[in-house]
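The structure appears below as structure tokens.
Only a predicted model underlies this, so the values are computations on that prediction, with no experimental measurement involved.
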Amino acid sequence: MDSPDHEESRVLYSAGKGPEIVQNINANARNKETRWTFWLITVGISTTFGAAVPTGYNIGVINAPANVIKSWCNETIYETYGTVFSEGNLETFWSAVVSIFLVGGVIGSLGGAWVADRLGRKRSFLLCGFLLVAGGLCFQFTKAIGSVELLMIGRIVVGLAAGLTTSTVPMYLTELAPLGLRGALGVLCSMGVTGGVVVGQVMSLEEVFGTEAHWQFALSFYVLLVVAFFVPYHWLPESPKYLFVIRRKQDEAVNELKRIMGRKVRDEYIKQQVEAMRREASPDHPDAECGDDSTVAEKPKERTLISVLRDPTLLLPLVLVCALQGGQQLSGINAVFFYSVSIFESVGLSSTDAKFANLGAGCLNLFVAFFSPVLMAKFNRRFLALTSCSMCALFLFALTFVVYFIDDVEWFSYACIVAILLYILFYQIGLGPIPYFIGSELFEVGPRPAAMAMGSLASWGCNFIVAMLFTTLQNAWGAFVFLPFTCTCIALTLLLKFYLPETRGKHISQIAPLDTGLTWGLCCFGLIVNVSVSVAAGYQVSSINAPAEFCRAASSVELLLLGRLLVGLASGLTTSVIPMYLAESSPIKLRGAMGVLCPFGLTAGVVVGQLASLEQVLGTEANWHYALSCFAVLNVICYAFYFWIPESPKYLYSVKGDQVGSLRAIRKLFGRHSIGDDYIKLQMECATGNSNGVNRTRELEPQISPSLWSVLRDPTLRLPLILVCALQGGQQLSGINAVFFYSVSIFESVGFSSTAAKFANLGVGCLNLLVSFFGPILMARCNRRLLCLLSCSACSVILFVLTMSIYLIDIVSWFSFVCIGTIFLYIIFFQLGLGPIPFFIGSELFELGPRPTAMALGSLSSWGCNFIVGMAFPTLQGIWGAFVFLPFSITCVLLTFLIKFYLPETRGKEISDVVKKVSYGFHSRVLRDE
């Protein structure tokens, strides 16, 4: 433990300045000021019961009396317009009534940033209350007036209030709280929403207000809470940080700070807080003194939504906030509550009892939420968020498995209940409360409203997506509907593990700088290039399979052959040029993450092609030509941005000798204000291989790239060329396409029908895409050699196990499931290294001159080996049977040894340093330098 008089220090980062060591608040003194005061308690209670609880109330109140309200809507529409809705039309109308609340939430979230800055945090809360009362009045009088339109207006108005609440109230609470209570106060909003859902469910029960005569009272009952808890509004304090930093009203801010902290607050603490706010208000001039006037004559430090979105330094924290708030909804909490009723019925409960049991699950959710303030005060955010996301993923996967076999194993019904309860428990310790206020801890006061608004927008938008798609997916997938939610939790776990800093008890300036080098320009560039060509190339690989029998009936076979040849040429160019283009346009630490986008696009294209060519989509006799050609829509859309996309800065500088064009391309990718002279010089040194730092005074002249023959004859390029060709060819000879081909028959062997086996094979492709989604993170965080060695060695072992399992599948019945497990494991380990790395490794082993030739030869090796496998595999399968996978296993073993002894580590290293390690051919012994 720290001593009582221990002074902590921190590093304050300012734009354009060096790091400055600044003393923090005395640790012991800070603990003394971390106490609940009268106004903190009053604000917490007023905002929670006056805005957060009504928000949750409107989420939970609409379900139980749905049939009663739908019947009234049908009668009212007939009386008003003379139209009787069919059952389908009535369901569509009711979906609109329910979902318009979510649309209002989206709109309210977008307006949250403007409202919070223009009206202030306190008056934003007042606007929430006004909208809630207005919506409640609409609900109360909708039946008396006989107006369905008034019901719709009420739903969208309370939706607007809900969006404003989730984007402004957590920010208001955290700005009022001292550091030690920031999490405890910030979590009150999520507690209120959770409690409001339960209260809404209770009030809408048939035994309370959920009847034909009283449903309007159920919808509007929350207004009593709003009116009661807005009584102390006039005396509530405004956020001192808003007054000081945004409005520049120093005296008012100090007075409010003293009032919030109570009479016992020490002058030293007030001075420290004012000093912290002064540094936040003027980060470029932290020593500047504010005058004694109530208003400082400086421009208010408020940020527009556009300026926040365009600021590259805010990209990662903005992604974190949006991912957490959106992932909170995509983690399946609403789906679990929806599904739990049927699970409770499966253990013998009646329909009514199952609904009450579901209400009990909601009460458990609320009960766990009551401990959130204690958890936020005692435990780190990262630990809670990681534990919550990982455990939710585990229990959702367990729930999928158990629900799928619920009819086969009697006690699995009880296992489902346990999985649901444990999921709710772990959801509420982190994934439930933390996303609501984490934006207030990652952003300074200026960009905070915009960030909170974007997070709230992500939350309500994802909520809308789940509401629209869940029922359809449930009918189509059954128990497997929980797998997308499982994947979301896994993705969140990895994102938080690698990128979320700890924020508990830290000032904004103490949090480690969240800078990964990503900018919006770089993201848009990667997205456009990847979607326009890589996805289209992958699409062509798989779209031809399902409608193959119809292709044989083409009127012009020559045109079909010509089209396949042209897209083949485009695919070859894509795999040889695009990874090189992406890697050359990215900074060193993002070289792998950008280079891996090409294989990710190919994988995504394969899955999209499989989907589009299904018989249920376009794979029919009448529409197969659309299945083959609809990828062109992506090309047209993405190529509309072609003239915005910059040329490779390194190509312009080194090959074309265009320094001005190179600098212009760098600025377009990284932004004018996010790169300095040192970074530009570094880019130029990387381009020319001039690592000695000598400036070249004369204009560079265009260079001529070496020919194919000169590259092949150069002994210093022999080893890297063999590595590139071996990795790209070995990628195809490792058996990935054979595994996909064989998986259909394996799924059929465990009892799947022919159609179901094809869909299961499509699921395997989706798993392949899911794992490749984490490729950029792995490339940025892990060494290339480690990933390649792990991938190749694991694939060789798994392919051998698959061979033996298939050979013995008729002798041991459960070996069919072993085969399925090995297929899944093979795909996971293949995508860790052997899948993505060969595509861009040539850009890290060769300098700019011979790089195009090396990448072309690697792509030639890949497509050539793909051709060999496609021609030989059916024949070898007929002759060797299960042992057809042994050559692929041997290929992986050989690749493992080649990588082990000769592949240097390239992550984060200059090309010139890597080239030196492999310049002596097989005598390089690169391991000595690792």
Side-chain angles (χ1 to χ4, degrees), residues 1-2 6 8 10 24-25 27-36 40-41 44 48 52 169-171 173-195 317 320-321 323-325 327-328 331 333 364-396 421-443 455 489-512 514:
M1 294 180 63
D2 296 333
H6 172 68
E8 297 175 345
R10 60 185 168 87
N24 287 336
I25 300 171
N28 187 48
R30 183 172 61 190
N31 290 333
K32 289 181 179 179
E33 304 303 334
T34 303
R35 66 179 187 273
W36 290 92
L40 286 178
I41 295 173
T48 300
V169 169
M171 177 170 53
L173 292 172
T174 53
E175 288 182 4
L176 292 178
L179 283 179
L181 293 177
R182 195 169 56 191
L185 264 175
V187 83
L188 292 181
C189 183
S190 65
M191 280 182 59
V193 173
T194 304
L320 286 170
V321 171
L324 277 168
Q325 292 226 37
Q328 180 192 59
S331 64
I333 184 64
L364 172 65
N365 194 25
L366 176 60
F367 175 74
V368 180
F370 276 123
F371 295 97
S372 296
V374 178
L375 290 173
M376 296 306 116
K378 297 294 184 181
F379 294 94
N380 288 343
R381 316 282 193 257
R382 269 178 56 86
F383 170 73
L384 290 175
L386 285 171
T387 302
S388 178
C389 292
S390 57
M391 296 306 294
C392 283
L394 176 64
F395 288 119
L396 284 170
L421 297 180
L422 288 174
Y423 169 82
I424 291 171
L425 174 66
F426 281 99
Y427 172 86
Q428 271 302 340
I429 69 171
L431 193 52
I434 291 176
Y436 279 96
F437 67 88
I438 194 66
S440 296
E441 300 188 330
L442 291 175
F443 287 87
C489 292
I490 294 173
L492 279 177
T493 303
L494 293 176
L495 180 68
L496 300 179
K497 172 67 176 176
F498 291 118
Y499 294 111
L500 180 68
E502 184 50 57
T503 60
R504 184 174 73 96
K506 295 182 179 180
H507 189 268
I508 300 298
S509 56
Q510 289 177 261
I511 298 172
L514 295 171

When Leu495, Leu494, Thr493, Ile434 are each screened for side chain to side chain contact (heavy atoms under 4.5 Å, CB included) with Cys389, the one that passes is Thr493
How close do Tyr427 and Gln328 get, heavy atom to heavy atom, and via which atoms?
-> OH-CG, 3.3 Å
Residue pair Phe443 / Pro317, side-chain heavy-atom distance below 4.5 Å = yes
Nearest-0.5 Å distance that lies between atom OG1 in Thr387 and atom CG in Asn380 | 10.5 Å
Do any N or O atoms from the side chain of Ser388 and from the backbone of Phe426 form a donor-acceptor pair under 3.5 angstrom?
-> yes
Which atom pair, heavy atoms only, marks the closest approach of Met191 to Ser372?
-> CG-CB, 4.5 Å
Checking side chain to side chain contact (heavy atoms under 4.5 Å, CB included) for the pair Thr194/Val368: CA distance, chi angles, key distance, verdict?
-> CA-CA 10 Å; Thr194 304; Val368 180; over 6 Å; no
Quick one: pull up OG1 in Thr503 and CZ in Arg182 and give me the separation to the nearest 0.5 Å.
-> 6.0 Å
Report the residue from Val187, Val193, Val169 that forms a side chain to side chain contact (heavy atoms under 4.5 Å, CB included) with Tyr436.
-> Val193
Leu492 versus Gly327, closest heavy-atom pair with distance = CD1-CA, 3.8 Å
Non-hydrogen side-chain atoms of Leu442 and Leu320 separated by less than 4.5 Å = yes
Nearest-0.5 Å distance that lies between atom OG in Ser331 and atom CD1 in Ile490 = 13.0 Å
Side-chain donor/acceptor of Arg381 to backbone N/O of Met376, under 3.5 Å | yes
Please report the shortest heavy-atom distance between Ala393 and Cys489, naming the atom on each side.
-> CB-CB, 3.6 Å
Please examine the side chains of Lys497 and Leu386, heavy atoms only from C-beta on, and report whether any two atoms are closer than 4.5 Å.
-> yes
Is the closest side-chain heavy-atom distance between Phe395 and Leu421 below 4.5 Å?
-> no
Just how far is it from atom CD1 of Ile333 to atom CG of Leu431, taken to the nearest 0.5 Å?
-> 8.5 Å
How about Phe498: does its CZ atom have over 12 heavy atoms from other parts shown lying under 6.0 Å from it?
-> yes
Kindly give the heavy-atom pair with the smallest separation between Leu40 and Pro178, and that separation in Å.
-> CD1-CD, 3.9 Å
Between Gln428 and Pro433, the two heavy atoms sitting closest are O-CD, 3.4 Å
